[in-house]
Amino acid sequence: NVQFLADYRPYPFVLSSTRMTFRLSATDTRVLTALSLAPRHPDRPEDLVLDGGKGVRLLSLTIDGAVPDPAHVRREGETLTITAAALPRHSFLLETEVGIDPSANTAFEGLYISNEMFCTQCEAEGFRHITFYPDRPDVMATFHVTIDSDLPVLLSNGNPVGQSQGRAEWHDPWPKPSYLFALVAGDLVAVSDSFTTRSGRKVALNVWVRPGDQDRAGFAMESLIKSMKWDEDVYGREYDLDVFNIVAVDDFNMGAMENKGLNIFNSKLVLASPETATDGDYERIEAVIAHEYFHNWTGNRITCRDWFQLCLKEGLTVFRDQQFTSDMRSAAVKRIEDVQALRARQFREDQGPLAHPPRPDRYEEINNFYTATVYEKGAEVIGMLKRLVGDDGYRRALDLYFNRHDGDAATIEDWLKVFEDATGRDLTQFKRWYTDAGTPRLTMAEDWQPAEAGGTLALTFTQETPATPRQTEKLPRVIPIALGLIGPNGDEVAPTQVLEMTEAKQSFTFDGLGARPVVSVLRGFSAPVILSRRLDDATRAFLLAHDTDPFARWEAGRDLALSALIAASQGQPVTRDYVEAIGRLIADDSADPAFRALCLSLPGEEEIATRLFNQGITPDPDAIHAARESLARDLAETHLDLLSRLYTAMTVEGPYRPDAADAARRSLRNAVLALLTRIDGGERAEVLFGVTGNMTERIAALTALLRRGRGQAELTALHDLFADNRLVMDKWFSVQPMAAPPAQAAQVARSLSQRKDFDWKNPNRFRALIGGLSANHAGFHAADGSGYDFVADWLMRMDPVNPQIAARMSTAFETWTRYDAGRRAKALAALERIAAVQGLSKNTREMVSRMIAAG
Ligand code: ARG
Ligand code: ZN
C-alpha cells in the first residue's frame with residue numbers, strides 16, 4: 001500500500017463549501033455533513049470516492065435530497081464510493097449523517113476526548129475519522145460548522161457567527177483543506193488580549209486552558225502577540241480573521257497544530273510558570289506559538305498540493321520560527337542550538353535506514369514522514385537558498401510567493417520557480433537538495449604557496465554523498481561554503497565570503513596573502529554537510545580563541561572536545577589542548593554566558609558514537625561513557641577554582657524572568673554545576689535544589705545528582721511538591737532513566753513503568769519514560785539487550801492503542817546497525833519481535849521493516 005508522488009492526479013470533483021453539524025456525545029457523536037460538489041469534467045463521469053475510517057458508521061446518505069440506489073454506494077476499506085451512474089452531471093449536494101465514538105479514540109487522531117474535553121487532530125489524515133470526505137490537502141472549501149452541546153465553550157475555525165444556549169456556529173471564509181479543521185468543546189477558561197493589525201483589524205486573542213491553569217498561560221499570550229507583530233514587520237503578513245484561539249490539551253500526539261484560527265497545542269507548549277517550566281520550555285513555547293501562528297500564511301493561505309510537499313509548509317515555517325527566535329534572543333546561540341539538534345536528529349536519520357529526501361517520492365504512512373528531514377533539513381535548505389540569492393532576493397521571492405500562490409495548494413516546483421523568477425537564477429541543480437536523501441561529505445584540502453609578492457592559498461573541496469535506501473547514485477549538489485581567513489596573529493585577514501561549490505571537486509584560490517592564514521570554514525554552518533579537514537588540536541584551539549564567527553568558533557571547540565573524547569574512548573593519549581582552551585574561554589567575562597555554556601557542555605555520548613562511526617570505527621557505548629566521564633572529571637579538577645568562581649558569579653538575583661539574558665546566566669551556572677558535582681560530593685546541587693524556586697535550577701541540580709547515583713531525596717521531594725502537575729511529573733519520569741548510570745537505566749525505567757501513575761496512554765508520559773531511556777545512550781544500548789527489550793515491549797503494547805506514538809518512538813532503533821555484532825543481534829531480535837505481531841499498525845510496520853531491511 002505505497003503512495004507515489006508520480007501518481008498525483010487532481011480530485012475529479014470540485015468542492016465549494018462544507019456545512020457540518022456536530023451533536024456531541026462522548027460515545028455517540030453525530031456528524032451531519034453537507035458537501036456542495038460538482039464534477040470537474042462533466043463530460044467524463046467518474047466515481048466519487050470519499051475517505052472514511054473504520055470507526056465512522058454511515059447512518060444516512062442523500063444526493064440532492066434523495067437516497068441513491070444502494071447498489072451504487074460501496075464501502076470498502078477506508079473509502080466510500082458512489083458510482084458515477086448515481087451522480088448528477090452538474091453541481092449537487094451530498095449529505096451524510098455518521099456516528100462516531102470519541103471516547104474510544106485512543107489514537108488521538110480525528111475527534112477524541114482529553115480530560116473531559118472534546119478536541120480534534122486532523123493533520124495529516126484525521127478528518128476521515130470524523131466523516132466521509134475527500135481528505136486530501138488540495139480539496140479546499142469554506143466551512144460552516146454548528147456545534148450542539150451543553151458544554152460551556154464550543155469552538156471551531158473562523159469567526160463566531162452565532163451563540164445560543166447549547167449551540168455555537170462558526171464560519172470560516174478562507175477555503176481550507178480538511179486537515180486544518182478543528183473543533184473544541186469543554187469547560188475551559190481563557191486568558192484574553194487583543195491585537196490590532198497594521199491595517200486596523202482588531203483581533204480578539206484567547207488562550208484557552210482548564211480552570212486553574214490561567215496563571216500559566218500568560219507567556220503563551222505574550223509570545224503570540226510578539227509573533228503577530230514580527231510576521232507583519234519581517235514578512236509583511238497580517239492576520240485575516242476576527243479571532244485567534246489557542247487551546248491547550250493534555251493528550252496530543254505532536255507539539256501543536258495550526259488549524260485555521262484555532263490552534264491546538266500540547267499543553268506542555270502552552271503552560272509555563274517559573275516553578276514548573278524550565279528556560280528551555282519557555283524558549284520552546286515562544287518558538288512553537290510562533291511556528292503555528294506563522295503557518296497561517298505558510299501552510300494555510302498557501303497549503304500543500306499533496307503530502308509529498310509537506311516540507312513546503314514545514315521547512316519554511318521552521319525557517320521562519322528560527323528567524324523569529326534569533327531576533328527575540330541571541331542569534332549566535334540559536335544557530336548553534338539548531339545545528340546541534342539538526343546533527344542529533346536529522347543527520348542521524350539521514351545516515352540510517354530511515355533516510356529520505358526532504359521531499360519524499362513514496363510513503364506508506366504519511367505520519368511517519370513528520371521527520372527531522374522534512375522539518376529541520378527543509379529549513380536548512382531554505383537557509384541555503386537565502387544565502388545564495390541574498391537577503392533582497394529572498395525578500396522578492398517571498399513577496400512573489402505570497403502574491404502568486406495565495407489560495408493555492410502548491411508544490412516544491414512552485415516554490416523554486418518564484419526564486420527563479422524573482423532572481424533570474426537557475427535552480428535545477430539546487431533542487432537536488434529537495435529530491436535527494438543523504439548528508440554530503442565535504443572534504444577540504446589546503447595548498448599554501450609562499451611568495452615574496454604575497455602567498456597563495458588554494459582550497460580544494462570534494463563532495464560525496466553516500467548511498468541511501470533506494471537512492472544509490474548521487475549527483476553533486478550546490479553547496480554554499482561561507483568562509484573567512486584568520487591571520488597568524490589572530491586578526492581576520494579576509495571577512496566572510498560565500499563560495500558556491502557546484503562540482504564534485506572544485507578549487508578556490510586566495511592570493512596576495514602575507515602569511516599563511518587559518519581557514520575558518522562553513523561559517524554559520526552554511527550548508528548541512530559533514531565537513532572533514534585535517535587540523536591539529538593546536539589550530540583548533542587557535543580558532544576557538546580567535547574566530548570571529550560564533551558558530552565556527554564553537555565548532556572549533558566542539559572538534560577539540562571530540563578529538564579528546566575519541567582518543568580517550570580508544571585508549572589513546574589525550575592532548576591537553578581542549579582542557580586548557582576551554583578554561584581560557586570560560587574565564588572570558590566579556591563573552592555571552594550562554595555561548596560559554598555551550599562550549600563548556602561536552603558532546604553527548606551519541607554524538608561521540610556518531611563521530612566514531614563516521615570514521616569507520618564501531619562505537620563502544622560503555623567506553624564512550626567512560627571517556628566522557630573522565631574528561632568531565634579532568635575539566636572539573638583542572639578548573640576547580642575558576643568553576644567555583646563562576647558558580648557564584650553567575651547567580652541570578654531577583655525574581656525569575658525567562659528572558660535570554662537571565663537564561664544565559666543560568667545555563668552557564670548549571671553547566672558549571674554539572675562539573676562541580678563530580679568533585680563536591682553533590683553539596684552544591686543539594687543546596688541549590690533546596691533553595692531555588694525555579695524548575696530550571698531544580699532539574700539541573702537533580703540531573704547532576706542522578707548522574708552521580710545520588711538525588712533520591714530530591715526525587716521524592718519533587719514528587720511530593722508536584723504530584724498533581726502532569727507536566728512536572730513528565731519531567732520526573734524522564735529524568736530518571738535519562739540520567740541513571742547506564743547499567744541501571746533499563747531497570748530504573750522498568751520499575752517506573754510499573755507505577756500506577758505511569759499513565760502510558762498519555763503521549764507525553766509515554767515519551768517521557770520510553771524517550772528518557774532511549775536518550776541514555778549507554779543505557780539503551782546496554783550490552784545485555786535490556787534497553788532494547790524494554791523499549792520493544794512497550795512499543796508492542798502501545799501500537800494497538802496509539803500507532804503514531806509507537807511508530808515515532810521506534811526510531812530509538814534507527815542506529816542499530818552501527819554497533820557490534822552482539823548488540824546488533826539483540827536489537828534485530830527486538831525489531832523482529834515487533835514485526836511478528838499480528839495486526840501491527842501500518843505505521844509501526846513501515847518503520848520496523850525499513851529498519852530491519854538495513855541489517
Ligand atoms: N503541522 C503541525 C506542525 O508542525 C504538525 C502536525 C503533525 N501531526 C501528525 N499527526 N503528523 O506544526
Ligand atoms: Zn509546522
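As the structure is a computational prediction, the values presented were derived from the model and not from experiment. Order of listing sets the numbers, starting from 1, for every ligand and every atom in it.
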Give a yes-or-no answer on whether the side chains of [X] and [Y] include a donor-acceptor pair shorter than 3.5 Å.
X      : Y      : answer
Glu365 : Asn368 : no
Thr303 : Tyr179 : yes
Thr844 : Asp799 : yes
Tyr434 : Trp415 : yes

Starting from [atom], locate the nearest protein heavy atom and write down its residue, its atom name and how far away it is, to 0.1 Å.
atom                    : value
atom 4 (O) of ligand 1  : Tyr375 OH, 2.5 Å
atom 11 (N) of ligand 1 : Asn367 OD1, 2.9 Å
atom 6 (C) of ligand 1  : Glu123 OE1, 3.6 Å

Just jot down the ligand 1 atoms closer than 4.0 angstrom to any heavy atom of [X], in number order.
X      : result
Glu314 : 1 (N), 2 (C), 3 (C), 4 (O)
Glu258 : 1 (N), 2 (C), 3 (C), 12 (O)
Met257 : 1 (N), 2 (C), 6 (C)
Gln121 : 8 (N)
Glu292 : 3 (C), 12 (O)
Ala256 : 2 (C), 3 (C), 5 (C), 12 (O)
His291 : 3 (C), 4 (O), 12 (O)

> Hey, does Lys313 sit under 4.0 Å from ligand 1 if you only count heavy atoms?
Replying inline: yes
> With a 4.0 Å cut-off on heavy atoms, does Asn253 reach ligand 1?
Replying inline: no
>> If you measure every N or O of Tyr370 against every N or O of ligand 1, does any of those distances drop under 3.5 Å?
In response: no
> Using heavy atoms and a threshold below 4.0 Å, how should the contact between Glu109 and ligand 1 be classified: side chain, backbone, both, or neither?
Replying inline: neither
Salt-bridge test for [X] and [Y]: reply yes if a basic N is under 4.0 Å from a carboxylate O, no otherwise.
X      : Y      : answer
Lys731 : Asp281 : yes
Arg237 : Glu232 : no
Glu364 : Arg845 : no
Asp414 : Arg404 : no

> Mind checking what makes salt bridge (Lys or Arg N to Asp or Glu O under 4.0 Å) contact with Arg57, not counting sequence neighbours?
Replying inline: Asp28
> Does Glu258 have any salt bridge (Lys or Arg N to Asp or Glu O under 4.0 Å) partners at least two apart in sequence or in another chain, and if so, which?
Replying inline: Lys313
> Which of the N/O/S atoms in His295 sits closest to the Zn ion (ligand 2)?
Replying inline: NE2
> Which single N/O/S atom of His291 lies at minimum distance from the Zn ion (ligand 2)?
Replying inline: NE2
> Does Glu314 bring an N, O or S atom to under 2.8 Å of the Zn ion (ligand 2)?
Replying inline: yes
> Does the side chain of Pro360 reach to within under 4.5 Å of the side chain of Trp307, using non-hydrogen atoms?
Replying inline: no
